[in-house]
Every structure is written in C-alpha cells, then in structure tokens.
Amino acid sequence: MSEFWLKFKNIIRSEFNSGNPWIHSGVFVFVLTLLCLLTNTSLHVMGVDISEFISLFYGLIPLLLRDLGGVFVSSYAFFVGAAILSLGPDFSEWKHGKNIRIYKIYLILSSVLFLLFCGSVSEYPQVYGEFFYYRHSWMVGFLYFITDHFSPFFFKSVLFLFLVVQVARTGLVFWKSKSYVSLIRYSVFIILFYSFHLLGSAWGVLVASAFYSVDIQFSRSKKDLAFIAIALFGFGISFFNRAQENRAVSKEVLEHFSNTNVLIISADSIRQDQLGFVKGEKDKTPNIDRLASESLVFLDHHSTIPRTFPSWADFLSGKYSFEHGIQDMFPDKEDRSKLGNSVPTLPGILGKSHRTFVVSSFAGDIFPRANWGFQNVYAPNFSAETLTQQRTIESQVFFLPVLTGTFFGGGEYLSSIRSLPSLGDDSRILTDLFSVFDKKDRPFFALYFSSVTHFPYSPPYPFYKNTDPSYYGPSKYFRFVDPSNSEKPDKKEQEQIRSIYSASLTAFDFSVGKILEELKRRGLYDDTLIIFTSDHGESLFEEDHSHGHGEHLRGEGVTKIPLIIKFPKSFERKETRNFKGITTSLDVFPTVLSALGVPTNPELSLHGRDLTKLPKTDIWPEDRSVYSETGIWFSDRGDHFFQKDRIRYPNILELHTIDPNDGNSVTVSDPYAKETVLFSKHRMLQTGTKKLIYIPSPNGVVYTCYDRISDPWNTKPLPASYCGDLQRKLELLLIGSGKWKKAGDYFLPKSEL
C-alpha cells in the first residue's frame with residue numbers, strides 16, 4: 001500500500017510541476033471556494049440579522065454541504081474548460097510533453113475571472129448588493145467605479161478578443177503542422193464546451209474538456225469519427241430543445257372552445273398610478289401605453305390580497321382565499337389540496353382546448369407548489385433545498401458571473417439561480433415564453449409573470465442608470481424591505497427607492513415591447529386575447545404607509561393595480577375605452593371564459609363580473625363594492641401603525657416548518673398558527689367612493705372608514721356610521737360564505753372537520 005501511495009504522490013507531483021491545467025484549475029477553484037466561504041458567510045441576509053433564528057438552519061447543514069459541493073463541481077467544470085480554451089497552443093504542447101509555466105495558468109484564470117466579474121457587476125450590480133454593502137463595504141468604491149464608467153459590453157469584448165486570438169493561434173498551429181485531426185478535435189471541443197455551457201451542464205462541460213485532453217490516435221480511415229461526433233452533438237442539441245408535444249384534440253372539444261390565444265402579461269407589485277399613461281409621463285412605459293391605447297382600460301381595478309400566492313389563486317380560480325384554501329404565502333399540502341381539484345382554475349378548464357403555460361422567475365416560485373392546471377411550468381420552486389442552494393450561490397461570488405450569463409450567455413448550472421431575488425432580468429426567461437408562440441394544433445393560454453418589479457427591485461443595465469447619478473448610498477441599485485425596521489429613510493433615500501422601482505418598471509415595459517413585437521412578427525397579435533395586470537401594488541412611503549405590501553390596506557398603493565384587456569379582432573365587442581367603475585381581480589375569471597365562449601358552470605359560484613358586458617356609461621349603474629384582505633405579517637416587530645394594534649403572532653421564521661414528505665416545502669402548518677393568522681387579518685370592502693377596513697385588535701374590533709375621493713391615502717378617518725352599509729355587506733360576505741362565524745364583533749374561521 002505504501003508503494004502505491006508513493007507512486008501516486010510522484011505522479012501528482014510530476015503533473016503539478018508540468019503545469020497540468022486540470023490540477024491547477026482545481027486548486028484555483030478550491031481556494032476561491034474556501035475564501036468565499038470564510039469571507040462571505042454571515043448571519044445577515046440583505047441586511048436583515050437572522051442570528052437569533054440560526055438554530056433553524058442547523059438541520060439544513062447536510063443540504064448546505066451538498067450545495068457547496070455542487071457549486072465546486074460546477075465551477076471546476078467551467079474553469080477547467082475555460083483554462084484549456086484560454087491557454088491556446090500551450091495546452092496542445094503540454095499534451096505532447098512540454099511543461100506549462102504554472103504562473104501562466106493562474107494569470108489566465110485570474111484575468112478571465114476578473115473580466116467576468118467586472119462584466120457581471122456592471123450588468124447586475126444588485127446581485128452583488130450583499131457582497132459590497134453588507135460584507136465588504138470597503139470595496140463599494142470599486143462597484144461605483146465599474147458601473148459609472150463601463151458597460152458590460154466592454155468587458156465581454158475584451159474577453160472575446162482574447163479568446164479569439166487564442167483560438168486563432170491554436171488553429172493556425174494545427175493548420176501549419178498539417179495536424180488536421182487535431183484541428184477537428186479542437187473545433188469539436190469548442191462546439192461541445194460552449195454548447196454544454198449554454199445548456200448549463202457541468203458534466204457535459206467536463207466531458208467536453210476530457211474529450212479534448214485525452215489523445216486518441218485515429219487511423220486515416222477513422223477521421224470521419226470526428227464528423228460523426230459533431231453530427232451526434234447536433235442531434236443531442238435538438239433533443240434537449242424545449243419542443244412541446246402536439247396533442248390531438250377531438251372535434252367535440254373544439255366545437256365548445258374558442259381557438260383564440262390567451263396571454264396574461266403581468267409583473268409583481270405594479271401600481272396602476274405608476275404607469276406612464278396614468279402618470280402623464282410619455283417615456284416611462286411607452287409599450288404598455290401603446291397597448292392601453294388599443295385596449296379596454298380599467299382605471300379603478302383592485303387586487304383581493306396584496307400577497308403573490310393567494311392573489312394568483314384568487315385570480316385563476318375566481319374565488320376568495322378562504323374558499324380555495326390558499327390564504328398566505330406558505331400553504332401546506334392540506335391548504336393547497338382544493339386548488340385545481342374541487343376548485344377549478346382557468347388553466348385547468350382551458351387545458352381541454354389550449355396548451356397552457358406559465359413562465360416566471362423568482363416571484364413565480366408559487367407555481368410549482370400547487371395544482372394550478374398548467375401543463376407546462378417554467379418557474380423555479382421554493383423549498384428548503386432552494387433556499388440553501390440560493391444562499392450558497394450568493395456567497396460564492398466568484399462563480400456568480402458565470403451563473404448570471406456573463407460568459408456569452410450561459411445556462412443555469414444550478415437551478416436555483418432563477419430563484420435569486422436580485423436577478424429578475426426578463427431577458428433570462430423571455431425565450432421560454434417565445435417558445436410558447438410556436439404554432440401547434442391548438443391555441444395557447446400563457447401566463448407571463450415578471451419579477452423585475454418585486455423588491456429588492458432588479459433593473460439590469462442600462463435601466464438602473466435611470467436614477468439620480470449623484471446618489472451614492474445603499475439603495476443605488478436595489479432596495480430590500482426589512483419588515484421589522486420601521487425607521488423611515490430621509491427624503492433623498494425615499495426618492496431613490498421610488499426611482500429604482502421606476503427603473504424596474506421601465507425595464508419591464510421594455511420586455512412588454514419585445515413580447516408584443518414577437519406576437520406581431522408571428523402574426524398572432526390580432527388573434528390573441530391579451531390581459532395586462534399585476535398581483536398587487538406597493539407602498540412607496542406615502543404618508544405613514546412605509547414600504548412594501550401585504551401588511552395593511554391603507555391608501556391606494558397596495559391594492560390598486562392595472563387591468564388592460566386587448567380583445568382579438570374577431571371579438572364582436574372590441575372596445576377601446578377607459579372604464580372608471582370599480583373592478584376586482586376576480587372579474588378576470590368569468591371575463592376570459594366569456595370571451596372564449598366557454599359555458600359557465602353554475603357550480604363555480606363566481607364572485608367576479610363578466611367585463612365583456614359593461615354598461616354603456618363609464619361607471620356601474622349601482623354602487624358596487626369589492627373585497628380585499630391583508631397577508632401574513634412576516635415580522636412581529638417594528639413601530640409601524642399596523643404593528644401597534646394588531647393581534648400578534650410569532651415571527652415568520654418561528655412559524656415555518658419544513659415538511660420532508662412534501663418536497664422539503666417551507667410551510668405554516670401548525671393548526672393553531674394558521675387559525676391565528678386568519679383571525680388576525682385586516683379585511684376591507686370598498687366602493688368607488690368610500691372604503692371600510694375591519695381591524696381586529698387585542699382590545700376589540702376597530703372599523704375605520706375613509707372617503708376615497710377626497711382622502712385617497714386614508715389620513716382622515718370618518719365616523720364608522722358613514723360606512724355602515726359596507727359593514728353590513730362585509731358581514732354578509734364572510735358569514736354567507738360558510739367559512740366564518742361571529743364571536744362578538746370578531747370574525748372567526750370555522751374549523752373544517
């Protein structure tokens with residue numbers, strides 16, 4: 001055994017001294033991984049201290065170690081391939097016995113990494129927010145220097161020119177020496193390396209590098225094997241392409257359903273009053289404005305709940321949260337069981353005649369977690385595994401440039417890269433949507449949900465430059481919301497936060513333009529029912545409303561969202577006008593079914609209205625009222641107005657449980673905790689002119705009433721009697737649903753036996 005180890009050490013020493021790129025790339029990646037682990041691991045997540053909840057993460061140590069191993073393997077695969085590619089003729093000479101100077105390998109790898117890092121920082125500075133602002137603030141000047149003076153194109157161009165020179169040198173050496181087989185193998189390596197890189201396959205990249213590193217002696221008659229390899233690779237690429245199956249549909253089904261395409265374009269946290277045509281700013285959202293000019297626009301449209309998961313459940317089912325069961329952001333298996341089963345959804349109903357898709361990034365991690373009825377889900381998942389991999393990715397900043405696609409595109413080596421809250425760039429998911437537009441034997445029903453407007457807000461280059469260039473502070477590129485921090489930023493900081501939100505909205509508008517352009521290019525625009533909306537709004541420091549969504553119902557910011565409907569040309573009542581009557585997100589369900597000619601089942605017990613049958617006037621003939629409620633409070637601290645009077649329950653980190661029998665899902669599953677969350681919610685009923693908010697507190701129920709016209713931000717409470725009719729309607733709605741009972745003035749959820 002000792003002789004074996006002696007021989008093994010001699011081989012390693014010899015290979016190390018010869019400049020073996022496989023060994024030195026491994027040393028390079030190992031050192032960087034270890035340094036990042038030691039210097040970037042902290043108990044702060046985007047500035048929020050989680051030290052007192054660290055015990056919750058002890059059970060996740062095996063997942064963290066596994067994820068760290070995944071990062072190491074993926075980064076090693078990429079950098080060894082990049083080393084082989086960047087060394088040019090030196091690597092070919094090394095294979096034939098000539099040593100490579102060791103310093104040269106590290107110089108090349110460091111240079112490639114530096115160019116990738118700078119390019120990624122200039123394109124996505126918000127991705128590196130933790131690194132520069134919370135962990136290594138001494139380097140923030142470097143961040144400002146890069147983003148102020150360079151574009152991502154500069155660094156990519158320098159790297160591209162360097163690689164072109166190295167590839168050309170290598171090819172010329174092979175050509176001059178008439179080593180045509182080597183030239184073919186080198187060409188195949190480049191194709192394989194880059195193709196597997198685009199696919200995000202670490203093992204594929206390793207195989208490509210190994211293929212080129214090991215010399216295989218071909219006879220003249222076997223040279224064609226190289227060409228066969230290329231052909232096989234081309235076949236493999238076509239195999240990996242996302243081509244959806246054509247599914248035959250019976251004539252009976254098609255007779256009852258429309259052939260009209262349906263496209264819902266949405267982004268998280270869009271406030272209706274922030275759109276250009278509403279605000280009077282022509283250059284802010286020109287593509288959305290153009291769509292609005294060709295559509296039916298609803299100027300007083302509201303979300304039922306300002307939290308993403310339950311909001312989309314309401315939207316796609318046409319029912320309230322207490323009916324379909326998803327009432328917070330962390331529903332367990334029981335809470336999710338009704339959706340798509342006893343509670344039908346739009347994609348489930350239309351799946352009989354349409355190909356159904358949802359495309360999203362991190363804000364859409366709700367879609368893999370429930371039975372929405374979508375046949376195809378292009379969105380990341382949310383689980384304990386996702387969280388651990390995400391935290392590992394964020395700490396390994398040397399590999400982030402590769403994961404963000406700075407090396408000329410690049411695939412998702414690690415699936416959780418799409419889950420990063422700071423990487424909401426639409427360009428990363430638009431290709432998934434465009435694949436939906438491919439002509440098939442059936443029309444499509446597609447939901448596109450962008451994350452770029454969700455905090456921490458993530459406008460990529462050049463959109464983040466649409467802010468004050470003289471501002472240099474913690475909100476220059478992003479804004480993270482800490483629910484427990486009630487300290488109000490100064491006016492300049494508030495303005496910057498509004499500005500970075502606005503930049504995110506402009507970035508989303510650019511993507512809307514690309515979507516509409518693609519529809520027109522393919523001849524689909526006129527035949528598609530397009531619905532533009534959002535899941536909820538956002539408070540941006542109006543009055544004492546703080547920043548964020550879901551915690552309260554004051555003002556117009558958190559529930560008032562856009563609704564724009566562009567009917568297809570074939571629709572008999574194509575309308576292009578502004579409607580001022582109050583509407584709710586529950587109205588979309590019956591509207592889509594009606595527009596497609598789908599018979600409405602009375603058992604659906606729809607709360608929404610069919611918006612294809614509007615009155616001729618701009619408002620409803622009666623004083624219509626719509627319902628909304630708050631979400632779960634993430635923090636039990638802070639001096640916010642909604643924290644002072646609310647019924648308290650523990651911090652969200654204490655309420656969470658991880659269910660290993662449900663894919664390691666992160667849920668609130670304790671029955672008492674769930675009941676307390678529901679009991680504590682604020683609930684609202686509003687008409688076009690007034691608003692009533694029900695607030696259960698430890699000292700009794702408080703009803704607040706506001707005039708929406710003269711007091712849109714709800715600073716002047718009116719006597720509760722002014723909203724007496726709404727109080728009676730709210731009681732009829734809740735008690736009449738069979739899901740609630742009264743205990744004094746409180747509404748208590750009924751237990752389902």
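Numbers here simply count residues along the sequence, with the first being 1.
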Just distance, no hydrogens or angles: give the donor-acceptor pairs under 3.5 Å from side chains in residues 456-463, sequence neighbours left out.
| from | atom 1 | to | atom 2 | distance (Å) |
| --- | --- | --- | --- | --- |
| Y457 | OH | E538 | OE2 | 2.6 |
| Y457 | OH | H547 | NE2 | 2.7 |
| S458 | OG | G424 | N | 3.1 |

Original post:
Do any N or O atoms from the side chain of S435 and from the backbone of D432 form a donor-acceptor pair under 3.5 angstrom?
Top reply: yes
Subject >> Taking every non-hydrogen atom, the tightest pair across F150 and F145 >> reply: CE1-CE2, 3.5 Å
**OP:** Compare every heavy atom of Q389 with every heavy atom of S415, then report the nearest pair and how far apart it is.
**Re:** N-OE1, 3.5 Å
Subject >> Any donor-acceptor pair under 3.5 Å from W372 side chain to I366 backbone >> reply: yes
**OP:** Would you mind telling me which of L107, I102, L109 makes a side-chain contact (heavy atoms from CB on, under 4.5 Å) with I105?
**Re:** L109
Original post:
Taking only residues two or more places apart in sequence, or in another chain, which ones meet R169 in a side chain to side chain contact (heavy atoms under 4.5 Å, CB included)?
Top reply: P89, V165, Q166
Subject >> Any L143 side-chain heavy atom under 4.5 Å of T147 side chain >> reply: yes
Original post:
Between F399, Y128, F398, which is the residue that forms a ring-ring contact (aromatic ring centres under 6.0 Å, His included) with F117?
Top reply: Y128
Subject >> Any residue meeting ring-ring contact (aromatic ring centres under 6.0 Å, His included) with F16, in chain and number order, not counting sequence neighbours >> reply: H24
**OP:** Could you tell me which non-hydrogen atom of C118 sits nearest to which non-hydrogen atom of I146, and how far apart they are?
**Re:** O-CG2, 3.7 Å
Original post:
Is S360 reaching over with its side chain to a backbone N or O of F449, donor-acceptor style, under 3.5 angstrom?
Top reply: yes
**OP:** Check side-chain hydrogen bond (donor to acceptor under 3.5 Å, both in side chains) between S18 and all other residues, then give those that pass, not counting sequence neighbours.
**Re:** W94
Subject >> Side-chain donor-acceptor pair present, T667, S665, cut-off under 3.5 Å >> reply: no
Subject >> S383-N381 side chain donor-acceptor pair, cut-off 3.5 Å >> reply: no
Original post:
Do side-chain atoms of T392 reach the backbone of T388 as a donor and acceptor pair under 3.5 angstrom?
Top reply: yes
Original post:
Do S120 and T404 get their side chains close enough for a donor-acceptor pair, meaning under 3.5 Å?
Top reply: yes
Subject >> side chain to side chain contact (heavy atoms under 4.5 Å, CB included) against L34, all qualifying residues, sequence neighbours excluded >> reply: F30, L38
**OP:** Kindly write out the residues that satisfy side chain to side chain contact (heavy atoms under 4.5 Å, CB included) with L115, not counting sequence neighbours, or none if the list is empty.
**Re:** F155, V158, L159
Original post:
Taking the side chain as C-beta and beyond, is there a heavy-atom pair between S450 and D268 under 4.5 Å?
Top reply: no
Original post:
Taking the six-membered ring of Y212, is the NZ or CZ of K95 close enough (under 6.0 Å from the centre) and on axis enough (within 45°)?
Top reply: yes
Subject >> Atom of N661, atom of K333 and distance for their closest heavy-atom approach >> reply: O-NZ, 3.6 Å
